[in-house]
Every structure is written in structure tokens, then in C-alpha cells.
Amino acid sequence: MGDRRGYIFSGLAVALLLLLGGCRKELCYEEYHPHSRRVMVEVDYAQMDTVPDEMRINFYSLETGEELTRFVSPKKPYVDLPVGRFRGVLFNDNSEYVSLRREDDYTEISAFLSPLTRAQYNMIYGGNPVARMGDNGEAEDVYGAIMEKPQPIDPSAQLIGQPDYLYVAKQDTLEVTNDPTLQHILRLYPENQVSLCYIKAEVTGLEYVQQVRGMLTNVSPGVRLHDLKRDPYTAVVMFDFKKETGCITATVASFGFLINEEGGGTAQHIINIEFLLSDNSVYRTSFQLNPVPDTEPHSLKKIILDPITIDAPASTGGGGFDVGIDDWLDEETIPVN
């Protein structure tokens, strides 16, 4: 009985060693493997406003189409890859707001923003770590003319938030060989894919306003990584305005303006603004932007809107105790036992 028990334990030990010794192909290649080669990756971090702890590279075999995921950083500027021919895309995947789809396909891998529901005033994401630019920065000017009445939002359009930041670089061909005398070097130059627009409007009657939010139409909800083509489906980005002295301002991030409509013609860009007033009523107004320059997607656009006038609310709302009345009765002292 003891010998049989010993054989069983020995068999289990051997099986455990085999399991521990095995590994998935892509995980093994990340470290030393007799059929892999080290590739030094030189990433130009100088153009990045925020340098992430590490950046992700998706490599795709030109022979098999297999996808291999690797990570590089300033402290680890290399990857190990099997011998073969590859193409790949480099990007930061530490965003809190940007998601990925079709990661297994080099020609289809895309970054996108998930749709939102209509948010409360204090729920809209209004900040991101990319560089800001205000009145003194160089930018292309876009002017917004006030419209006769507020414009409804297309119910088929996605409501989206703002991306924080996305940097992308690609490599169409990388050959990894068995030649021990050849040093493999991959140089990548990530570019910012997030567009910024700075919006400003002078406001009379801002003292009657609690909060302000806006919606900008016809922006792209995503970008394809290998060719940086913008997602053509229209989206509406939601954002908060900041109240300043005599004006409201906002810096809005997106994946760029959609310039042309799918069926031809020029896309119309509208900014809708909602003012939450002191009596909790809402005042709405709309502006048509004309024109929007057809430039690089990530170039800054400075949008100046027509002045806005807010009238005093008809009532302060709420009710309750008015401390300003003059006809109080005489004071009466009530003893407390």
C-alpha cells in the first residue's frame, strides 16, 4: 500500500513539474527563448505631454496574422520577438476613458469612446491631463453665431465624454532574423490623437447662473490606429463650462471634428449651451460654427461665440423663511424649565 501511494505522489509531482515548465507561446517569447531575438525599441517621448509608465505594442505576424502583445517603457526599452516579419502599433493603454476594439486585426484595431447617457450637471467629465491653451495661445479661430432658437440634438447621434490622452505610432514592416551579428532596432514616434478646442462666450447676467454645460455636435467618437483615420459616425461630446468674470470658457477634448458628411457636403457643427439658473430653471441657446477649418485632427481650434444675455429669473424658487421682512412682532421671551 505504501509503495502504491509513493508511485501516485511521484506521478503527481512529475505532472506538476510539466505544468510549471509549460507556457503560452507569447508569454515565453517575452523573456529568453532560443527562437526569439531581442529588439531594442527607441520611443521618442519628447512630444508627449504625459509620459506613461509603459506603452503597449501590438505586433502582428505578416506570415500567420498572429497578434503578440508587448510592453516598453523608459526603464525597459526592448522586447523579445520570435524570428519572422511583423507590423505593429504602439499606443498608451492606461486611459480611463478610451477603449479598444478589434485588437486582433492590424487594419481594424481602433480606439473609441463609449456612449454616455444624458448626465447630471455634476457628472460630466470636464478635465483631462493633456495640455491646455487659453486666450493667449496660437490657434485657428472659429466663430459661433447665435441661432434664433435652441436646436434639438439628433436622437441617432451618440453622446460621448472626452478622451484624456492617446498617443499612437505604427511600424509597417519589422523583420526579426536569426543573424547574431545584426542588432534589431525599432524607432517609433508617437503622435497625439486628441483634439482640443477652446470655447469662450461673454455673458451678461452670469450672476443668475449656477452651472453651465455644453454639447458640441459632429465630432468623431474614435480613431483607427494603423492609419489614424477618424471614425465617420457622428457623435455629440458633452462638457462643462467654467464661469469666469463676465464670460464662460471650456476646453473640450475629442478625436476631432467631422468635416464632411458621409453622403457628401459639409457637416454642420452646433454648440448647445444650457444654463442652470438660480431658481433651478434651465435657459437653452444654440450656436452654429462657421467655418470649421479642414486641418490636422489634433490641431487646436479657438471658438468665439456671440455674446449671451441672461435675464433675471422670474422667481427665486423654493419659498421658505424671508429674513428681510420688516413687520416682525415684538420679541417675546419664553422661559425654559
Side-chain angles (χ1 to χ4, degrees), residues 49 97 113 116 118-119 121-147 150-151 153-154 157-165 192 194-206 209-221 234-259 266-277 282-310:
D49 298 307
Y97 303 94
L113 293 162
L116 297 176
R118 187 174 175 83
Y121 279 88
N122 60 353
M123 296 296 290
I124 301 175
Y125 171 62
N128 57 66
V130 295
R132 296 292 194 223
M133 188 175 292
D135 277 340
N136 297 324
E138 294 183 1
E140 301 165 89
D141 285 340
V142 180
Y143 295 95
I146 195 164
M147 306 180 78
Q151 299 298 301
I153 294 296
D154 182 355
Q158 293 183 7
L159 293 180
I160 59 173
Q162 301 179 58
D164 37 15
Y165 61 106
N192 176 31
V194 173
S195 301
L196 291 179
C197 59
Y198 174 79
I199 305 172
K200 180 178 179 180
E202 295 181 358
V203 180
T204 301
L206 199 55
V209 175
Q210 298 185 59
Q211 291 176 284
V212 191
R213 70 175 176 186
M215 288 172 277
L216 172 61
T217 68
N218 276 326
V219 297
S220 175
T234 182
V236 177
V237 61
M238 303 179 68
F239 57 94
D240 283 324
F241 277 97
K242 186 167 101 173
K243 293 197 304 177
E244 299 187 16
T245 304
C247 68
I248 55 174
T249 63
T251 306
V252 183
S254 72
F255 284 128
F257 286 81
L258 292 176
I259 303 299
T266 303
Q268 184 182 52
H269 297 90
I270 292 175
I271 293 179
N272 281 0
I273 303 180
E274 296 182 348
F275 294 85
L276 180 64
L277 304 183
V282 177
Y283 172 74
R284 296 178 175 89
T285 186
S286 298
F287 298 82
Q288 182 172 348
L289 306 187
N290 188 27
V292 174
D294 188 0
T295 55
E296 291 296 323
H298 51 270
S299 60
L300 178 74
K301 293 175 175 60
K302 181 179 176 183
I303 300 174
I304 305 300
L305 304 179
D306 281 344
I308 305 168
T309 298
I310 305 292

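Bear in mind the structure is a predicted one, so any value in this text is a computation, not a measurement. Below, each value reflects all heavy atoms present in this structure, side chains not excepted, and no hydrogens, waters or symmetry copies.
At distances below 3.5 Å, at least one donor-acceptor pair connects side-chain atoms of N218 with backbone N or O atoms of Q268. Not one N or O on the side chain of S254 forms a donor-acceptor pair closer than 3.5 Å with the backbone of V219. Side chain of S220 to main chain of F255: no donor-acceptor pair is present (N/O by atom type, distance under 3.5 Å, no hydrogens or angles). Remark: side-chain polar atoms of N192 are not paired, donor with acceptor, to backbone N or O of Y165 under 3.5 angstrom.
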(request) Kindly determine whether Q162 and V237 satisfy side chain to side chain contact (heavy atoms under 4.5 Å, CB included), including the steps that lead there. (result) CA-CA 7 Å; Q162 301 179 58; V237 61; 3.8 Å; yes
(request) Walk me through it: do I303 and F287 pass the test side chain to side chain contact (heavy atoms under 4.5 Å, CB included)? (result) CA-CA 11 Å; I303 300 174; F287 298 82; over 6 Å; no
(request) Apply side chain to side chain contact (heavy atoms under 4.5 Å, CB included) to K302 and I304, showing your working. (result) CA-CA 7 Å; K302 181 179 176 183; I304 305 300; 4.0 Å; yes
(message) Pair I310, F275 - check side chain to side chain contact (heavy atoms under 4.5 Å, CB included), show working.
(response) CA-CA 9 Å; I310 305 292; F275 294 85; 3.9 Å; yes
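Between L206 and K243 there is a side-chain heavy-atom pair separated by less than 4.5 Å. A 4.5 Å side-chain heavy-atom check between V252 and L196 finds every atom pair outside the cut-off.
In this structure, CG on L159 lies 11.5 Å from OG1 on T217, to the nearest 0.5 angstrom. Put simply, CD1 on I271 and SG on C197 are 6.5 Å apart, with the number rounded to the nearest 0.5 Å. Summarising the geometry, atom OG1 belonging to T249 is positioned 12.5 Å from atom CD belonging to E202; distances are rounded to the nearest 0.5 Å. The CD1 atom of I146 sits 8.5 Å away from the CD1 atom of I273 when rounded to the nearest 0.5 Å. To the nearest 0.5 Å, atom CD1 of residue I160 and atom CG of residue L113 are 5.0 Å apart. Note that CD of Q210 and CG of L276 are 4.5 Å apart. Values are rounded to the nearest 0.5 Å.
Contact detail for D306 and A145: the closest heavy-atom pair is OD2-CA, 3.3 Å. Pairing each heavy atom of T309 with each of Y283, the nearest pair is O-OH, 4.2 Å. Between R284 and P150, the shortest heavy-atom contact is O-CG, 3.4 Å. In terms of heavy-atom proximity, P221 sits nearest to Q158 at CB-OE1, 4.0 Å.
For A201, the side-chain contact (heavy atoms from CB on, under 4.5 Å) partners at least two apart in sequence or on another chain are I248, L305, I308.
Using bins of under 30°, 30° to 60° and over 60° for the plane-to-plane angle, the ring pair F257/H269 lands in the perpendicular bin.
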